[in-house]
Amino acid sequence: MNDLHSANPRDPDFISRCNAPLRAELEADYDTLTHQLQRRGLEIDPIMHAVADFHVAIPSWGVGTGGTRFARFPGPGEPRDVFDKLEDCAVIHALSGATPTVSLHLPWDQAEPRALRERASELGLRFAAVNSNTFQDQRGQALSYKFGSLTHTDPAVREQAVAHNIGCIRIGEALGSKALTLWIADGANFPGQQHLAYAFERYLESAARIYAALPADWQLLIEHKMYEPAFYATVIQDWGSSLMAAQSLGTRALCLVDLGHHAPHVNIEMIVTRLIRAGKLGGFHFNDSKYGDDDLDAGSIDPYRLFLIFNELVDAQWRRVGALQPAHMLDQSHNVTDPIESLISSAIELQRAYAQALLVDRAQLADCQQRNDVLMAALALKRAFTTDVAPILARARLERGAAIDPLAAYRASAYRKQCAKLRPVKDGSRSGIV
Ligand code: LRH
Ligand code: MN
């Protein structure tokens, strides 16, 4: 691989040069798995094609090094603006074959929409949901969001927040997005600080005005979060509040599940099943966590939980639950890894969980559940989860013209070193998530 140093990782020739020495081994492994699955009555190719069709959106705010309130340690070759971010997103997609869309955050990614759209299409990218931001005060902003935004007691602040969200929709329209993700930090740090019922009514009133501004083919994705930055009560604190809001707003208001926005040990796959039944599962922000909203790499802490979520999605497909097309997005903060490497491997971890969920023998599982054969029912899931589907994932990438070993190809290209030369270190903020 030595002659491959400082190559353009998006160059199809570079990728096929990286793949060449790996193809024979992949074919052999794929063949072995083909026979293993045939013995289980499973055809491998339809699963591989389903995995190849699985896509997840990249959060623009995830390609720069993330941080915490304590510190942020920027790495070399940090993206300087949204155009650098798009460049990096295109590298992730070229090597993984699984991330053709980018979810922008406004105003962090503010730029001329036509230029953004043109650059994105040059890079083979499209735009997923846009994210509004009324959890920070921007320079020159008239009214502060210190005590809330869409639920603030001052109608002028609510008006400002509604206008910002409508502005995001208009920019999103120009970019070709089809959804607005609405996460607000509104809440309280002290019992008594906020009227819990009235705050929710103010949310519904403000959100209804945002919903009314949605183009006919757009969705509003409501993102709940248990706590942070509010540490006593958050207005849209849980899936119940989110579902109540979505049901009151209208058919195109749906619920977005950020895996890190729940208390430890909460059964998120159960929440997913309930939202599917309500016809309100709009999408995911995939990540992983051990304690709070840690925004760690998807599948890095609890891959079985990720598998169980995809198991519910595949089960719903198997039960022919109609119109189930949740928007899959990653939402992570990469504080100690190269964000591009973390996003490539996280997209692959989602494909892994999906592939394993497609291996579950659902007829056998249903039979065990019906006969209360508890252990065999549990093992029906474990058998799928413990199947090494790596040949399916690599083959799906190859089918997509991507890299059999994307991380090795990324490192062989020395893209980060190239960025370090091209992108002078800007005096990054010493704390904060972006
Ligand atoms: C809130 C959140 C939300 C984004 C932000 C960057 O914790 O998950 O989705 O707006 O992270
Ligand atoms: Mn999120």
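Start at 1 and go down the list; that is how both ligands and their atoms are numbered.
Side-chain contact of D186 with S149: a donor-acceptor pair under 3.5 Å is present, judged by distance alone. There is no side-chain donor-acceptor pair under 3.5 Å between Q237 and H224.
Using a 4.0 Å cut-off between heavy atoms, D331 contacts ligand 1 through its side chain alone, with no backbone atom that close.
The ligand atoms of ligand 1 that sit less than 4.0 angstrom from a heavy atom of D258 are 8 (O). Close contacts of ligand 1 with H285, meaning ligand atoms under 4.0 Å from a residue heavy atom, involve 9 (O). For ligand 1, the atoms sitting less than 4.0 Å from at least one non-hydrogen atom of E223 are 2 (C), 3 (C), 8 (O), 9 (O), numbered in the order shown with element in parentheses.
Residue contacts with ligand 1: D293 is included, with a non-hydrogen atom under 4.0 Å away.
With the Mn ion (ligand 2) at the apex, E223 OE2 and D331 OD2 define an angle of roughly 170° (rounded to 10 degrees). Angle ND1(H285) to the Mn ion (ligand 2) to OD2(D258): 110° [nearest 10 degrees].
Under a 3.5 Å cut-off, the side chain of R80 and the backbone N or O of R423 do not form any donor-acceptor pair.
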May I have the step-by-step check of salt bridge (Lys or Arg N to Asp or Glu O under 4.0 Å) for R395 and D45, ending in yes or no?
CA-CA 10 Å; R395 182 67 174 278; D45 285 346; 5.1 Å; no

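For the pair K178 and F127, the cation does not sit on the ring face, since its NZ or CZ is not both under 6.0 Å from the ring centre and inside 45° of the axis.
The residue among M329, Q332, H105, K225 with a heavy atom at the shortest distance from atom 7 (O) of ligand 1 is K225.
Aromatic rings of Y354 and F54 (six-membered ring for Trp) have centroids within the 6.0 Å cut-off, being under it.
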